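So the structure is just underneath, and the comments pick up after that.
This one's a predicted model, so the numbers in the text were calculated from it and none came from an experiment. Reminder, nothing fancy here: chain letters follow the sequence lines and each chain counts from 1. All values below were derived from every heavy atom in this structure, side-chain atoms included, with hydrogens, water molecules and symmetry-related copies excluded.
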Number of protein chains: 2
Amino acid sequence: MKEKLREHIERLVSLTDDEFADVFSHFKIDTFKKQDFLFHKGARVNYAYFVASGLLMLVHNDESGKQHIVSFAMEDWWETDFLAFYTQTKATMSLQCLEDTTVFCILLEDYQELCARLPKMNHFFLVKSNFGHIGSQQRILSFLTSNAKERYEQLLQRYPSLIQRVPKTLLASYLGVSRETLSRLYA
Amino acid sequence: MKEKLREHIERLVSLTDDEFADVFSHFKIDTFKKQDFLFHKGARVNYAYFVASGLLMLVHNDESGKQHIVSFAMEDWWETDFLAFYTQTKATMSLQCLEDTTVFCILLEDYQELCARLPKMNHFFLVKSNFGHIGSQQRILSFLTSNAKERYEQLLQRYPSLIQRVPKTLLASYLGVSRETLSRLYA
DNA sequence: ATCAGATTGTGATATTTGTCACGCAGGGAA
DNA sequence: TTCCCTGCGTGACAAATATCACAATCTGAT
């Protein structure tokens, strides 16, 4: 399990055994059951999470009670309410399990301490953040350029496994369409 | 002009005169006229740009000839086609001036060299990237939760000056609606 | 001053998508 | 088994938005 995180980091920066032990000592391991919440909207967001196994969704609940999925987080993904985490403010979104899930958790102060002390980790997180930014930008682009059907096809191409693992209602909520419309797309 | 970049960086990390001189020596200053392109789709993206004055837009042109604005970049913003820049691949978008603009340009290798050598700058760029990611995520959220009118009002609130500086057609293209629909919103 | 082009508003209509309502199938739990 | 709940499809209709067409105004360049 521990090795999963190491492999993930070493895809970008190589670490000695000692360095990885150092890094790893800042993480806490935690497991959750399907449907559990890692945190709720309104709560303090203590951790950023690395998904070792399982599946999460980052959800925003609007005033009218509708649920919008900002992001899914599969194995090897980092997830949290980044705004709340970085600025230590209350979560505006909730993070919930779609499957039984194991995560590695890191506190903001440990994240910052690692970055300050280990240039390799600062670099690692910088690259991760850059690509997170790029990913979001491409999702924006898909809202700008594509209709519901095209967005669904792009999702299918990009994350084929999601379609098996997640109920269509949630896929619809991620794509920004009603479940009825989504259901009519593949006809 | 130079001071603009320094103040911008020092909002996050403090630099000695020598340190700033070091940092600044890696930038090239450049000016563009309204309508000029900093780079075109398909071109190599040599630089990331810091906007000292003026206004840019990051534009995607789809197959059917429509233009979609992924982002505006005002004073104090960093902009480029980040995917093309980081991975040194061809631009999928174009970066164009909406006003006469002055930018500071940095090559990828200089960006990486600064990050590797100056922890302060690595930290600076990490924070910038994190907030860039957060900003994109909130734009996604606004597509998920809001209709055209609400998105327009959010834009108005967030960047009131844009409404004066940019033709409505471009605002519409940023918001993901037709210009006609946008025009009917404030009635 | 004049002209060409850009910008904006608006009517008429088509298309896309949402909402509400209903039925059906499958999976657990008692 | 029986029952409830969730997921999923689909019909009918409403609402949001796009598209096409045209006119008016403004702007910049000659």
Side-chain angles (χ1 to χ4, degrees), chain A residues 33-37 55 57 59-69 72 96-100 139-156 161-187, chain B residues 32-37 54-55 57 59-69 72 96-100 139-156 161-187:
Chain A
K33 292 259 168 210
K34 185 171 173 171
Q35 305 282 14
D36 283 355
F37 283 84
L55 181 60
M57 61 175 179
V59 179
H60 175 88
N61 291 95
D62 68 19
E63 322 73 42
S64 65
K66 272 180 242 157
Q67 170 174 265
H68 306 276
I69 299 187
F72 293 108
Q96 188 177 12
C97 293
L98 295 175
E99 303 174 353
D100 293 356
R139 180 129 168 254
I140 289 169
L141 200 51
S142 121
F143 275 110
L144 290 176
T145 62
S146 309
N147 60 23
K149 176 159 200 171
E150 292 163 338
R151 293 206 300 280
Y152 176 69
E153 281 158 3
Q154 290 160 17
L155 179 65
L156 212 87
S161 74
L162 267 190
I163 279 73
Q164 325 300 330
R165 294 165 79 177
V166 176
K168 314 280 174 161
T169 307
L170 297 181
L171 291 183
S173 163
Y174 175 86
L175 291 171
V177 294
S178 68
R179 83 173 179 81
E180 292 93 335
T181 297
L182 178 63
S183 163
R184 283 184 253 258
L185 290 182
Y186 33 85
Chain B
F32 295 89
K33 293 258 167 211
K34 185 170 173 172
Q35 306 283 11
D36 282 355
F37 283 83
L55 182 60
M57 62 176 180
V59 180
H60 176 89
N61 290 96
D62 68 19
E63 322 72 43
S64 64
K66 273 180 241 157
Q67 173 175 261
H68 306 276
I69 297 187
F72 292 109
Q96 188 177 12
C97 294
L98 296 175
E99 304 173 354
D100 294 356
R139 179 127 171 256
I140 289 169
L141 200 51
S142 120
F143 276 110
L144 290 176
T145 61
S146 309
N147 60 24
K149 176 160 200 170
E150 292 162 338
R151 292 206 301 280
Y152 176 68
E153 280 157 3
Q154 289 160 19
L155 178 64
L156 212 88
S161 73
L162 267 190
I163 280 75
Q164 325 302 330
R165 295 166 77 178
V166 176
K168 314 281 174 164
T169 307
L170 296 181
L171 291 183
S173 162
Y174 175 86
L175 291 170
V177 295
S178 68
R179 81 171 181 83
E180 292 93 335
T181 296
L182 178 62
S183 164
R184 285 183 251 257
L185 290 182
Y186 35 85

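Separating the CD atom of B/Q35 from the P atom of D/dT27 is a distance of 16 Å, rounded to the nearest angstrom. Atom CZ in A/R151 sits roughly 14 Å away from atom P in C/dT16 (whole-Å rounding). Rounded to an integer number of Å, the gap from CG of A/L185 to C1' of C/dG18 is 13 Å. At whole-Å resolution of the value, CG in A/L175 and C1' in C/dT17 are 13 Å apart. Remark: P of C/dT7 and CD of B/Q67 are 10 Å apart, rounded to the nearest angstrom. Residue B/K33 contributes atom NZ, which lies 14 Å from atom P of D/dG28 at whole-angstrom precision. A/K168 places its NZ atom 15 Å from the C1' atom of D/dT10, with the value rounded to the nearest Å. Rounded to an integer number of Å, the gap from OH of A/Y152 to P of C/dT17 is 15 Å.
Put simply, B/T181 has a side-chain N or O that comes within less than 4.0 Å of OP1 or OP2 on D/dA18. Checking the phosphate oxygens (OP1, OP2) of D/dT6, no side-chain nitrogen or oxygen of A/K34 falls inside 4.0 Å. Phosphate proximity of C/dG18 to A/S178: present, with a side-chain N or O under 4.0 Å from OP1 or OP2.
Using a distance-only test at 3.5 Å, with no hydrogens or angles considered, a donor-acceptor pair links the side chain of A/Q96 to the main chain of A/Q35. Of the possible polar contacts, one joining the B/S173 side chain to the B/I69 backbone as a donor-acceptor pair under 3.5 Å is found. Under the 3.5 Å distance criterion, the side-chain polar atoms of A/E150 are matched with a main-chain donor or acceptor of A/N147.
Note that the CG atom of B/L162 and the CG atom of B/L156 stand 9.5 Å from one another [nearest 0.5 Å].
Distance from the side chain of A/R179 is smallest for D/dG9 among the nucleotides C/dG18, D/dG7, D/dG9. Side-chain atoms of A/K66 lie closest to C/dT19 of the nucleotides C/dT19, C/dT8, C/dT17. Side-chain proximity of A/E180 to the nucleotides C/dG9, D/dA18, C/dC20 is greatest for C/dC20. Candidate nucleotides D/dG9, C/dT17, C/dG9 were compared by shortest atom distance to the side chain of A/Y186, and D/dG9 ranks first.
Taking the nucleotide of DNA chain C with the nearest heavy atom to each of A/L182 and B/L182, the more 5' of the two is matched to B/L182.
Contact detail for A/F143 and A/L175: the closest heavy-atom pair is CE2-O, 3.5 Å.
Judged by distance alone, with hydrogens and angles left aside, A/R184 brings no side-chain donor or acceptor close enough to the base of C/dG18 to form a pair under 3.5 Å.
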